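Scope of the values below: all heavy atoms of this structure, side chains included, with no hydrogens, waters or symmetry mates. Throughout, residue positions are numbered sequentially from 1 according to the sequence presented. Remember, it's 1-based here, ligands and their atoms both numbered in the order they're listed. Since this is a predicted model, take the numbers as computed values, not measurements.
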Amino acid sequence: MVIKVCVGSACYIRGSHTIINKLKELIEKYSLEDSVELKATFCIGHCNKAVCVTVDDDIYAVSEANINEFFEEAVLDKVKPCK
Ligand code: FES
């Protein structure tokens, strides 16, 4: 699974760096280093009210307020279906 966090200007202003750091923490917390690859990407044309994050082909708007929920639904449920 590849997670890409947009670091384009609109997303950067909304805290891309914070989202990247929190995702790193979550990946480490759940020991997903071997199954999840975290990358940065430039604007993918979905600038909205949060930071744009893609998980494989799906696009999400992620903020500090919903990052745990996002991670659980978009990442954990897919990489660890039997949790
Ligand atoms: S700047 Fe992030 S989607 Fe456009």
Let's go through D56 and K4 carefully: what are the C-alpha distance in whole Å and the side-chain angles of both, what is the deciding distance for salt bridge (Lys or Arg N to Asp or Glu O under 4.0 Å) to 0.1 Å, and is it a yes or a no?
CA-CA 8 Å; D56 294 334; K4 293 181 186 172; over 6 Å; no
Taking atom 4 (Fe) of ligand 1 as the centre, count the protein N/O/S atoms lying under 2.8 Å from it.
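If we list every protein N, O or S atom nearer than 2.8 Å to atom 4 (Fe) of ligand 1, we get 2.
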- request: Report the distance from atom CD1 of I67 to atom CD of E72, rounding to the nearest 0.5 Å.
  value: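 One finds 13.0 Å between CD1 of I67 and CD of E72.
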Quiz prompt | Interatomic spacing from CD1 in I3 to CZ in F71 - rounded to 0.5 Å | solution =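 Result: 5.5 Å between the selected atoms.
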Next item on the list: Determine whether T54 and Y60 make a side-chain contact, defined as any pair of heavy atoms from C-beta on separated by less than 4.5 Å.
Entry: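 In short, these two side chains do not touch, never coming nearer than 4.5 Å.
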* With the side chain counted from C-beta on, respond yes when L26 and V75 share a heavy-atom pair under 4.5 Å apart, and no when they do not. =>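 No - every pair of side-chain heavy atoms lies 4.5 Å or more apart.
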* **Main-chain N/O of C11 paired to S16 side chain as donor or acceptor, under 3.5 Å** =>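 Yes, S16 side chain to C11 backbone: donor-acceptor pair under 3.5 Å.
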